[in-house]
**Q** 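Below is the structure I would like to discuss, written out as structure tokens.
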Amino acid sequence: MNTLGILLTLSVLAAFSYYIGRKRSLALATPAKRGGNNLHSLPGYYGYLVAIWCGIPALIILLLWSVLSDSIITQMTLAHLPTELQNQSGDQVSLISNQIRNLVANGIETATDPAMKVAAEEYSRLQGISNMAKTVVVLVLAIIGFAIGMRFIKPTTRARNQVEHVIQYVMILCAAVAILTTVGIITSVLFESIRFFGQVPATDFLFGTHWSPQTAIRADQVGGSGSFGAIPLFVGTLLISAIALLIAVPLGLMSAIYLSEYASPFVRAYVKPALEILAGIPTVVYGFFAALTVAPFIRDVGAMIGLNVASESALAAGVVMGVMIIPFMSSLSDDVINAVPQAMRDGSYGMGATKSETIKQVVLPAALPGIVGAFLLAASRAIGETMIVVMAAGLSANLTVNPLEAVTTVTVQIVTLLTGDQEFDSAKTLAAFALGLALFVVTLILNILALQIVRKYREQYE
Amino acid sequence: MTEATLNMAAAAPQTHKPAAGGREEFAHDITGTVGKPFLDGKDTKFFSRGVNVFYTGNKQAIFDVNVDIGRNEVIAMIGPSGCGKSTFLRCLNRMNDTIAGCRVTGDIRLDGEDIHGKEQDPVLLRARVGMVFQKPNPFPKSIYDNVAYGPRLHGLAANRAELDEIVESSLTKAGLFKEVKDRLQTPGTGLSGGQQQRLCIARTIAVSPEVILMDEPTSALDPIATATIEELIDELRQSFTICIVTHSMQQAARISQRTAYFHMGKLVEVNNTKTVFTNPQHQLTENYITGRFG
Ligand SMILES: Nc1ncnc2c1ncn2[C@@H]1O[C@H](COP(=O)(O)OP(=O)(O)OP(=O)(O)O)[C@@H](O)[C@H]1O
Ligand SMILES: [Mg+2]
């Protein structure tokens with residue numbers, strides 16, 4: 001049986017043991033009319049308890065077996081190989097084991113080298129044994145578990161507490177998976193960054209004003225020695241994000257106020273989803289809209305009034321990015337404005353305040369922390385955005401705050417550093433990790449701030 | 001007034017025509033309400049005739065209410081839940097305007113002025129007719145700013161010193177100043193429930209309204225805080241007209257001069273509080289105050 005089949009059988013067994021366990025505990029319970037139920041927990045919990053005993057240990061063994069069996073089998077196969085094949089470098093050995101696995105997958109007859117053919121046959125034989133053993137072990141374990149579980153069905157067993165305990169561990173496990181993934185990503189970025197800072201001093205990276213990451217890959221190539229001053233990238237990122245926020249914050253906030261305070265339910269029912277559609281447009285679509293429509297438009301307008309605008313400009317990218325993040329601003333602000341209790345507004349109207357006075361003096365101050373949270377989330381979104389900038393703002397790392405010139409951002413440089421042919425441990429490639437780390441730290445700080453502020457806001461009314 | 005005039009008022013149908021204010025003309029018999037709903041013109045602060053209120057879908061919540069509310073009196077409105085006390089109270093400062101789909105018809109006058117008149121601004125009206133709500137609802141601002149909110153809106157203080165003065169005197173009148181004078185800059189939401197309600201009262205009297213409407217102002221408070229606020233209401237009567245909705249008949253008896261009994265959207269009986277509680281004239285009122293109903 002393959003793993004999927006075993007899994008299915010296991011779930012059927014678990015469902016069956018739930019059913020049996022529940023039934024048995026029902027039979028055990030004294031009828032209500034004779035002094036009430038004597039079981040500690042509801043019958044369902046005994047069912048779950050048996051199902052857990054049947055399923056979980058078997059599942060754990062199944063997982064471990066599936067993960068470990070391949071490398072064990074490979075080791076055993078390699079031990080059968082002729083010695084001249086065995087005494088090779090690690091890379092070679094892993095190449096051979098890959099070849100063996102490919103042979104097994106594609107049909108052993110295709111083998112040309114007889115030694116390899118023998119190895120492949122050995123491999124598939126071992127695999128067969130392993131699968132068979134796995135099936136037997138897992139299913140036997142499930143049945144033993146079931147038997148143990150059934151023995152626990154007695155009035156004194158605290159089934160509910162035990163089941164809830166197990167569920168709690170399962171939830172901890174789920175949370176741990178997410179956290180471990182994050183930790184894994186961070187450590188890998190961190191270690192590559194440390195390698196980068198071994199080649200380029202951190203001060204050069206953080207305070208240098210010249211960014212040109214081209215280095216010679218081969219000795220005979222002509223190329224710069226590479227300079228990794230990230231200031232132009234940070235300035236470019238800030239410039240574009242600032243333009244985007246200048247567009248998104250007023251527009252988003254005003255539309256949120258309109259939607260929550262002035263719009264009729266009918267208008268609101270149509271306008272709010274329409275605004276949220278903006279968030280659903282893929283950024284690459286925004287990107288070519290920016291590059292093909294907005295950037296030429298800005299250049300033409302600039303030419304008309306005698307300004308020299310680059311065909312790729314920070315302004316074009318910033319404006320389009322601003323439109324993209326409007327829904328972040330408007331939707332979140334709308335939610336927090338709506339969360340301001342009606343009693344607050346009534347109080348203000350009752351004092352003889354007009355609607356606009358009420359909004360300015362009571363509703364917005366009450367919603368302010370939430371609005372700031374929305375702003376910070378929009379900002380971290382703007383900083384992380386890549387596609388629009390690649391397409392509309394260009395790749396040249398100019399150190400400028402003139403929105404009419406081409407600039408580039410941190411994320412765009414990460415993309416260009418890692419696309420194309422790369423040598424993995426060159427400073428150029430590693431620079432991407434350092435940039436990623438810097439970006440991560442900044443957005444992390446923004447997000448923590450945003451969460452803090454939103455939390456503070458929640459406390460106010462609860 | 002004597003028993004005789006009372007009976008006359010109840011017996012003889014009067015017809016009322018509103019002044020030609022341009023609003024809908026109506027005429028009807030004022031026979032629905034027993035007791036003494038009307039006062040002399042010069043004692044009348046609020047005058048209301050033929051008031052009907054409809055919520056969304058033409059659901060009528062108030063049917064033809066006719067009553068006068070006197071100057072410097074405390075009038076208590078009692079009646080079973082859902083009978084329309086809050087709805088009627090909100091007519092008096094046009095708070096119903098802020099409820100989508102709510103429509104008020106009829107003639108309501110404050111000192112003889114039609115509050116629905118074309119030249120009337122509901123915002124200015126609400127500065128003259130303040131409101132205290134069932135649940136204390138201080139703004140998420142400091143205690144000082146809560147009280148200063150109204151005076152600032154209406155430009156009642158020329159400078160900071162005057163504003164300080166208004167804040168202090170309002171808090172004093174509301175019986176809260178002693179408790180909070182050292183923490184005027186701390187948030188109003190940090191006070192206890194009873195203190196918050198007194199803060200809301202202070203906030204309301206800071207704009208020197210003529211009438212204060214109170215919708216179950218003590219229902220969220222403990223007996224001690226309630227007693228404080230009842231004393232306060234008695235003092236405030238010197239300077240304001242007070243309409244108070246309450247579910248406690250003891251409270252109505254303790255603090256009000258007149259009592260109005262509402263039943264299913266109709267004003268059943270209005271009379272001196274003592275008369276209502278000792279000698280109710282309508283069967284429904286009697287049922288309610290003797291606890292046989294609702
Ligand atoms: N905003 C509204 N929309 C629709 N109907 C409403 C609204 N407010 C009140 N009503 C209805 O109007 C009627 C009177 O309500 P109101 O709140 O005036 O009663 P009440 O006497 O104050 O009751 P309570 O003592 O419970 O506060 C009720 O039937 C109620 O359902
Ligand atoms: Mg009410």
Side-chain angles (χ1 to χ4, degrees), chain A residues 256-272 333-374 452-462, chain B residues 56 86 89-90 92-101 121-142 145-156 187-190 196-197 199-209 212-215 220:
Chain A
I257 294 173
Y258 171 72
L259 281 180
S260 57
E261 298 289 320
Y262 291 99
S264 67
F266 179 82
V267 172
R268 195 184 144 82
Y270 286 93
V271 173
K272 200 173 180 208
S333 310
D334 181 55
D335 289 346
V336 292
I337 290 174
N338 267 326
V340 175
Q342 181 62 30
M344 218 58 87
R345 296 185 181 89
D346 285 346
S348 176
Y349 292 142
M351 301 289 302
T354 63
K355 189 155 193 165
S356 73
E357 283 164 345
T358 302
I359 292 170
K360 272 183 296 197
Q361 316 234 0
V362 174
V363 178
L364 287 186
L368 190 65
I371 293 172
V372 174
Q452 284 287 334
I453 290 169
V454 170
R455 169 143 12 112
K456 194 174 149 224
Y457 168 76
R458 287 226 184 90
E459 280 165 6
Q460 222 164 36
Y461 296 119
E462 274 167 9
Chain B
T56 337
S86 304
L89 201 67
R90 284 199 305 264
L92 299 178
N93 66 345
R94 292 186 60 182
M95 275 300 273
N96 281 330
D97 292 16
T98 64
I99 298 174
D121 184 346
V123 166
L124 297 180
L125 174 71
R126 288 183 206 132
R128 293 173 65 192
V129 185
M131 187 154 197
V132 176
F133 298 83
Q134 178 171 3
K135 254 177 73 188
N137 57 349
F139 302 131
K141 300 172 182 285
S142 71
D145 289 337
N146 260 285
V147 183
Y149 183 77
R152 277 183 181 141
L153 275 184
H154 303 292
L156 297 182
T189 43
Q196 286 188 13
Q197 193 62 300
L199 177 62
C200 292
I201 294 176
R203 182 175 81 181
T204 307
I205 57 189
V207 289
S208 341
I212 302 177
L213 311 176
M214 299 186 172
D215 193 348

**Q** To the closest 0.5 Å, what do you measure between CG (A/Asp346) and CD (B/Gln134)?
**A** 12.0 Å
**Q** Heavy-atom distances under 4.5 Å only: say whether B/Val129 touches chain A with side chain, backbone, both or neither.
**A** backbone
**Q** When only heavy atoms count and the cut-off is under 4.5 Å, which of residues 263-272 of chain A reach chain B?
**A** none
**Q** Compare all side-chain heavy atoms of B/Pro138 with those of A/Met344 and state whether any distance is below 4.5 angstrom.
**A** no
**Q** For B/Pro187, which atoms come within 4.5 Å of any heavy atom of chain A: side chain, backbone, both, or neither?
**A** neither
**Q** Determine which residues belonging to residues 347-360 of chain A lie within contact range of chain B, meaning some heavy atom pair is under 4.5 Å apart, and list them by number or answer 'none'.
**A** A/Gly347, A/Ser348, A/Tyr349, A/Gly350, A/Met351, A/Gly352, A/Ala353, A/Thr354, A/Glu357, A/Thr358
**Q** Could you tell me which portion of B/Phe139 (side chain, backbone, both or neither) has an atom closer than 4.5 angstrom to a non-hydrogen atom of chain A?
**A** both
**Q** Quick one: CZ on A/Arg345 to CG on B/Asn137, what's the gap to the nearest 0.5 Å?
**A** 12.0 Å
**Q** For A/Ala366, is there any backbone N or O sitting under 3.5 Å from a side-chain donor or acceptor partner on B/Lys141?
**A** no
**Q** Could you tell me which portion of B/Arg128 (side chain, backbone, both or neither) has an atom closer than 4.5 angstrom to a non-hydrogen atom of chain A?
**A** neither
